[in-house]
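What follows is a single structure, written as structure tokens, with notes after it.
Basis for what follows: all heavy atoms, side chains included, without hydrogens, waters or symmetry-related copies. All residue numbers in this chain count up from 1 along the given sequence. Quick caveat, the model's predicted, so the values are computed rather than measured.
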Amino acid sequence: MGKNEREENDFGPENQNQEEEEEEKKKKQLKEEELSVERIFENQEVPSWRKQLTLRAFVVSFVLSILFSIIVMKLNLTTGIIPSLNVSAGLLGFFFVKTWTKLLHKSGLLRQPFTRQENTVIQTCVVASSGIAFSGGFGSYLFAMSERIAKQSTDTLDFKKLSLGWIIGFLFVVSFLGLFSVVPLRKIMVIDFKLTYPSGTATAHLINSFHTPQGAKLAKKQVRELGKFFTFSFIWGFFQWFYTAGDNCGFASFPSLGLKAFDNRFFFDFSATYVGVGMICPYIVNISVLLGGIISWGLMWPLIEDRKGDWYSADLSSGSMSGIQGYRVFIAIAMILGDGLYNFIKVLSRTLLGLFHQLRYKDVSSELPVADHSSDVSSQSQLSYDDKRRTQLFLKDQIPIMFAVGGYVAIAAISMATLPHIFHQLKWYYIFVIYIFAPALAFCNAYGCGLTDWSLASTYGKLAIFIIGAWAGAAHGGVLAGLAACGVMMNIVSTASDLMQDFKTGYLTLASPRSMFVSQIIGTAMGCVISPCVFWLFYKAFNDLGQPGSQYPAPNAVVFRNIVLLGVKGFSSLPKNCLVLCYVFFGAAILINLIKDLVGKKWGRFIPLPMAMAIPFYIGSYFAIDMCVGSLILFVWEKINKAKADALAPAVASGLICGDGIWTLPASILALAGVKPPICMKFLSRGNNAKVDKFLGS
């Protein structure tokens with residue numbers, strides 16, 4: 001009897017626990033439904049992949065591709081710092097097509113409503129197209145081949161005459177291979193591994209929000225702010241032009257911190273572009289750039305210049321690679337290589353660790369611990385409504401594996417046959433070796449980008465520079481072979497990570513993988529024509545393009561040129577004590593990164609980034625001050641009204657960048673037409689001013 005009572009007593013609480021668990025599940029389900037994005041769009045039909053690819057989407061993409069290619073080109077040729085423009089592309093795509101469809105709706109001619117899938121297609125196409133302005137090497141490896149950059153290095157003979165024809169041909173041959181290399185892995189990366197791809201995810205959330213009633217209202221406000229600051233930035237660029245009749249004239253040469261500071265490149269140059277970039281880049285990036293400028297131009301270069309005549313010849317010009325310029329360039333390269341090597345090993349080890357975990361525990365969990373997901377098995381076994389809906393549609397339109405493999409092999413064969421005709425120094429077997437290893441490296445970059453949002457395309461490019469440059473040797477055109485190999489590698493790994501980001505965006509907006517792939521192909525083709533034409537406009541309009549101290553110094557071109565010279569010739573050409581300093585800064589870059597990772601996110605976010613610190617070593621700190629002004633504006637705005645700052649700051653920053661960037665187009669046309677500004681605004685010291693007055697008075 002006692003036993004039965006005990007059993008009844010035991011059963012009671014168990015039954016109660018089950019009821020509580022069921023109630024918890026119901027509450028959780030209700031909460032999930034409230035937070036569900038796809039429930040909002042439940043009644044909207046998802047168009048087929050062909051209907052997502054509309055003519056209006058590609059017309060808008062073409063217009064925006066020109067705009068963003070000009071902006072990326074300008075950033076590439078000034079500092080090489082390019083912030084993510086995905087948000088701007090998504091926002092402007094939404095604005096243009098929404099305006100288009102509204103007009104058609106009023107006239108009764110609207111056949112197909114504007115969907116978030118079409119918005120995603122536009123964003124993908126624009127980012128793919130403007131991405132060629134970066135991976136095409138116009139501010140790095142490709143421009144480094146030119147005679148203009150060769151004259152600034154110790155090797156002035158190995159160069160290739162730039163021509164629009166071969167540049168477009170080269171890009172068409174190398175830019176599509178990366179797309180085919182990772183297509184078969186899209187399910188593994190997006191669904192099985194559940195990689196986050198932060199930029200792709202953020203863009204998807206933004207596009208989803210635009211197409212809700214509340215999000216559409218916010219988008220209108222964002223577009224209004226973007227338009228306002230675009231107009232201001234464009235007019236400000238036009239106004240500044242009137243005062244730039246000669247060298248070192250105008251607001252861009254305003255000695256705002258004094259003439260001595262100006263001589264050491266510390267000044268605010270009134271650039272709306274870099275104020276906008278500063279508002280987009282994280283605070284630590286801007287502080288790192290400023291700190292790098294203080295260490296180099298504030299301390300190191302003045303101290304090294306005091307040893308002129310001992311460490312290097314006093315007769316050398318300030319631009320000679322055997323003099324002070326050599327220290328600036330090679331120490332910057334040491335920091336960039338140290339940072340790149342550390343992050344390459346870090347991302348590769350995390351990739352291998354993640355894959356090992358995936359294969360070992362594949363029956364337990366389909367998620368990776370390195371992707372910051374919970375390892376709770378019970379929570380993983382149940383997919384939410386959103387995940388089920390997204391997975392179903394993502395797997396619906398398959399891209400055949402044989403199509404991807406066949407495309408890769410066909411393009412690789414065309415490339416091996418064509419590239420040696422463009423670059424005689426780049427033998428077919430160099431290209432063959434690159435293409436054997438390229439899919440593995442493209443996978444590593446796409447995987448690493450999914451974990452960290454960091455594409456290491458330029459690091460893989462530098463790896464190719466060293467290997468192919470050293471293999472070819474100085475006597476057999478190793479300089480051009482190394483730079484061309486860098487271009488092949490950079491294009492593969494860069495487009496691979498971009499495509500996987502877009503697949504993630506498409507997954508979260510229910511855009512078909514097929515429409516994403518086609519959009520990426522069309523965007524890449526647009527970029528292969530638009531970017532070279534934009535670069536050619538800059539190249540012909542600005543005769544001092546690539547010169548130190550000019551409006552467009554193209555710092556990365558000089559850096560890449562000297563990296564390949566190190567690979568081909570070794571360290572014999574370096575000035576005295578430069579190699580020791582390079583070792584110190586190479587080690588310092590690795591140590592800083594190591595400390596940053598060891599102390600964790602809480603304190604690590606206050607430790608500077610060596611890659612960002614290295615940029616002003618060569619070109620100076622003027623843009624760092626602009627970026628810090630942008631950071632200060634954002635910081636104050638967040639203190640006053642954080643919600644408004646979070647909502648509108650990206651739009652304001654995009655307006656500043658776009659307006660100033662677009663002014664470059666009419667400025668280039670005026671320069672080509674021979675129209676010169678009427679006024680030169682220059683600043684002199686009191687002593688020099690007295691001399692000028694005396695000379696003019698005589």
Could you tell me whether the side chain of [Y] reaches within less than 4.5 Å of the side chain of [X], counting heavy atoms only?
{"X": "S288", "Y": "M613", "result": "yes"}
{"X": "S531", "Y": "F138", "result": "yes"}
{"X": "F114", "Y": "H211", "result": "yes"}
{"X": "I619", "Y": "R328", "result": "no"}
{"X": "F41", "Y": "L510", "result": "no"}
{"X": "N593", "Y": "K346", "result": "no"}
{"X": "L591", "Y": "I595", "result": "yes"}
{"X": "S550", "Y": "L545", "result": "no"}

Write down the atom of [X], the atom of [Y], and the distance for their closest heavy-atom approach.
{"X": "P548", "Y": "Y618", "value": "CG-OH, 3.9 Å"}
{"X": "M627", "Y": "C281", "value": "CE-SG, 4.3 Å"}
{"X": "L648", "Y": "W637", "value": "CB-CH2, 3.8 Å"}
{"X": "A511", "Y": "M516", "value": "CB-CE, 3.9 Å"}
{"X": "A457", "Y": "N445", "value": "N-OD1, 4.0 Å"}
{"X": "A133", "Y": "V72", "value": "CB-CG1, 3.6 Å"}

Is there a donor-acceptor pair under 3.5 Å between the side chain of [X] and the backbone N or O of [Y]?
{"X": "K74", "Y": "G661", "result": "no"}
{"X": "S621", "Y": "A624", "result": "no"}
{"X": "D339", "Y": "A589", "result": "no"}
{"X": "W236", "Y": "G659", "result": "no"}
{"X": "W663", "Y": "G237", "result": "yes"}
{"X": "S253", "Y": "G250", "result": "no"}
{"X": "T509", "Y": "T120", "result": "no"}
{"X": "D498", "Y": "V127", "result": "no"}
{"X": "N556", "Y": "G139", "result": "no"}
{"X": "Q222", "Y": "A647", "result": "yes"}

Nearest 0.5 Å please: distance from the [atom1] atom of [X] over to the [atom2] atom of [Y].
{"X": "L226", "Y": "T231", "atom1": "CG", "atom2": "OG1", "value": "9.0 Å"}
{"X": "C658", "Y": "L92", "atom1": "SG", "atom2": "CG", "value": "6.0 Å"}
{"X": "D646", "Y": "L634", "atom1": "CG", "atom2": "CG", "value": "8.0 Å"}
{"X": "Y283", "Y": "L632", "atom1": "OH", "atom2": "CG", "value": "9.0 Å"}
{"X": "K504", "Y": "L499", "atom1": "NZ", "atom2": "CG", "value": "14.5 Å"}
{"X": "L581", "Y": "I304", "atom1": "CG", "atom2": "CD1", "value": "5.5 Å"}

Can you tell me how the ring of [X] sits relative to the ring of [Y], calling it parallel under 30°, perpendicular over 60° and tilted otherwise?
{"X": "W241", "Y": "F238", "answer": "parallel"}
{"X": "F542", "Y": "Y552", "answer": "tilted"}
{"X": "F251", "Y": "Y243", "answer": "perpendicular"}
{"X": "F267", "Y": "F262", "answer": "tilted"}

- Ring center gap for W301 and Y327 short of 6.0 angstrom: no
- Task: Examine F234 together with F232 and report whether their ring centres are nearer than 6.0 Å.
- Result: no
Does one side chain, of [X] or [Y], offer a donor that lies under 3.5 Å from an acceptor on the other?
{"X": "T203", "Y": "T505", "value": "no"}
{"X": "Y342", "Y": "D597", "value": "yes"}
{"X": "T124", "Y": "S519", "value": "no"}

- Could you walk me through whether F134 and M490 pass the side chain to side chain contact (heavy atoms under 4.5 Å, CB included) check? CA-CA 10 Å; F134 165 71; M490 262 183 78; 3.9 Å; yes
- Among I657, T78, V629, D660, find the residue that satisfies the side chain to side chain contact (heavy atoms under 4.5 Å, CB included) test when tested with Y274. T78
- Task: Please assess F210 against R116 for the test side chain to side chain contact (heavy atoms under 4.5 Å, CB included), listing each intermediate value before the final yes or no.
- Result: CA-CA 8 Å; F210 286 162; R116 57 194 174 126; over 6 Å; no
- Task: Determine, stepwise, if the pair F268 / V275 fulfils side chain to side chain contact (heavy atoms under 4.5 Å, CB included).
- Result: CA-CA 10 Å; F268 177 63; V275 171; 4.3 Å; yes
- Item | Check against side chain to side chain contact (heavy atoms under 4.5 Å, CB included), V97 and N119 | CA-CA 8 Å; V97 181; N119 205 157; over 6 Å; no
- Got more than 12 heavy atoms from elsewhere within 6.0 Å of NZ, K682? yes
